[in-house]
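All heavy atoms count here, side chains included; hydrogens, waters and symmetry mates do not.
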Amino acid sequence: MRNVLVVEREASAAEAMVRDLRRLGYAARSVDTGARALRTYRDADLVLLSLELPDIDGLEVCRSLRGESDIPLVAFTHLDDELERILALKAGADDCVAKAWGARELGARIEAVLRRSRPSSGIAESISLRPLHIDPRTREVRLRDQVIDVTSKEFELLYTLAANPETVVSRKELMAKVWGSNWEQTSRTIDTHVSSLRAKLGSSGWIITVRGIGYRMGHAWRVPEVSAG
């Protein structure tokens, strides 16, 4: 399930957009300022950004997001202003539309931007680290034949680590591959997702912290499964 961050100053409008997105099958949440968007966007797969914000000019938010990340970005304006749409595209938005859209158009535009920004490079292979199985086609994680409910970013993080289970993946590489960001400052974003994955997998042995470098898969998958009886 793709995560969309809605950035909209008006609470009622934000609630309506979040509701529409959830009906379309997305996970969605909202923030009401540009500053909050810049602090929290790394957990999202796409940002839906109003150009009319109470604290930072929307075009400046576009430039800041694009300067830090290649995250898909759809900007919108409450007025049907061609010049503003052009400026938003030049500032780094992947698309910019007038606010008077329908839910179906919104979903179609988001899907189009996601396809363009993250084109498929072939069919990704499933990974089996018994008893853990990761299927990129269905984006499903199974542990001992039980489906584990993970977020989109948790899935991508786990898949990245499991693709080379003997290799340490640096924090910088994880930020680039999973969050599409070159952001190099110390961040709790990765730590938070790793902690959540460990809890869902029921053991800290699945993901090992390599201090000062990053993470690797642990050896929980090497422990032989004991059959009952």
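Residues Val61 and Asp57 fail the side-chain proximity criterion, which asks for heavy atoms closer than 4.5 Å. At a threshold of 4.5 Å between non-hydrogen side-chain atoms, the residues Thr33 and Pro54 count as touching. Side-chain contact between Val194 and Arg198 is present, with heavy atoms from C-beta onward closer than 4.5 Å. Proximity of Leu49 to Val74: side-chain heavy atoms (C-beta onward) are nowhere separated by under 4.5 Å. Between Leu51 and Cys96, some side-chain heavy-atom pair lies under the 4.5 Å cut-off. For the pair Arg216/Leu161, no side-chain contact is recorded, criterion being any heavy-atom separation below 4.5 Å from C-beta on. Met17 has its side chain within reach of Leu48: a pair of non-hydrogen atoms, C-beta onward, lies under 4.5 Å apart. At a threshold of 4.5 Å between non-hydrogen side-chain atoms, the residues Phe155 and Glu140 do not count as touching.
A continuous path of ILVMFWY side-chain contacts below 4.5 Å connects Met217 to Leu143, so both sit in one hydrophobic cluster. Residues Val168 and Val178 fall into different hydrophobic clusters, defined by Ile, Leu, Val, Met, Phe, Trp and Tyr side chains chained together at heavy-atom separations under 4.5 Å. A continuous path of hydrophobic side-chain contacts links Ile56 to Leu5 [ILVMFWY only; heavy atoms under 4.5 Å]. Both Val97 and Leu114 belong to a single network of hydrophobic side chains, linked directly or stepwise wherever heavy atoms of I, L, V, M, F, W or Y lie under 4.5 Å apart. Under a hydrophobic clustering in which Ile, Leu, Val, Met, Phe, Trp and Tyr are joined whenever their side-chain heavy atoms come within less than 4.5 Å, directly or via other members, Leu129 and Ile148 fall into the same cluster.
Between the CE atom in Met175 and the CD1 atom in Ile190 there is a gap of 5.5 Å [rounded to 0.5 Å]. Separating the CZ atom in Arg144 from the CZ atom in Arg142 is a distance of 14.0 Å, to the nearest 0.5 Å. Distance CG/Leu158 to CG/Leu197: 5.5 Å, rounded to 0.5 Å.
Checking side-chain atoms of Arg36 against main-chain N and O of Ser30 turns up no donor-acceptor pair under 3.5 Å. Under a 3.5 Å cut-off, the side chain of Ser203 and the backbone N or O of Gly205 do form a donor-acceptor pair. For the pair Glu8 (side chain) and Glu10 (backbone), a donor-acceptor distance under 3.5 Å is present. A donor-acceptor pair under 3.5 Å is formed between the side chain of Lys200 and the backbone N or O of Asp149. For Asp135 (side chain) and Arg137 (main-chain N/O), a donor-acceptor pair under 3.5 Å exists by modelled atom type. No donor-acceptor pair closer than 3.5 Å links the side chain of Asp94 to the backbone N or O of Val113. Between the Thr160 side chain and the Glu156 main chain, a donor and an acceptor come within less than 3.5 Å of each other.
Ionic pairing of Asp20 and Arg104 is not present here: no N-O contact between side-chain nitrogen and carboxylate oxygen is shorter than 4.0 angstrom. At a threshold of 4.0 Å, the pair Arg9-Asp55 does not count as salt-bridged, since none of the basic side-chain nitrogens sits closer than that to a carboxylate oxygen. The pair Arg63-Glu60 meets the salt-bridge criterion, since a charged nitrogen lies less than 4.0 angstrom from a carboxylate oxygen. Look at Arg19 and Glu15 and you find no salt bridge, because none of the NZ, NE, NH1 or NH2 atoms lies under 4.0 Å from a carboxylate O.
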*asked:* Checking Val141 against Val147 for the side-chain contact (heavy atoms from CB on, under 4.5 Å) test, could you report, in this order, the C-alpha distance in whole Å, the side-chain angles of both residues, the deciding distance, and whether it holds?
replied: CA-CA 6 Å; Val141 176; Val147 175; over 6 Å; no
*What's the verdict on side-chain contact (heavy atoms from CB on, under 4.5 Å) for Tyr26 and Asn3, showing C-alpha distance, side-chain angles and the deciding distance?*
CA-CA 6 Å; Tyr26 296 97; Asn3 291 280; over 6 Å; no
_What verdict does the side-chain contact (heavy atoms from CB on, under 4.5 Å) test give for Ser64 and Leu38, after you've listed the backbone C-alpha separation in whole Å, the side-chain angles of each residue and the deciding distance to 0.1 Å?_
CA-CA 8 Å; Ser64 295; Leu38 293 173; 3.8 Å; yes
*Report the C-alpha separation of Leu201 and Leu132 in whole Å, then their side-chain angles, then the decisive distance to 0.1 Å, and conclude whether the side-chain contact (heavy atoms from CB on, under 4.5 Å) test is met.*
CA-CA 9 Å; Leu201 295 172; Leu132 181 67; 3.9 Å; yes
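Scanning all heavy atoms of the two residues, the minimum distance from Leu59 to Ala91 falls at O-CB, 3.8 Å. Across all non-hydrogen atoms, the minimal contact from Lys153 to Asp43 is CG-O, 3.7 Å. Scanning all heavy atoms of the two residues, the minimum distance from Pro136 to Ser126 falls at CD-CA, 3.6 Å. Here the shortest heavy-atom pairing between Trp206 and Pro131 reads CH2-CD, 3.9 Å. Closest approach of Ala44 and Ile71 over heavy atoms only: O-CD1, 3.5 Å. When all heavy atoms of Glu125 and Tyr159 are compared, the pair lying nearest together is O-OH, 2.6 Å.
For the residue pair Asp191 and Tyr215, a side-chain donor N or O sits within less than 3.5 Å of a side-chain acceptor on the partner.
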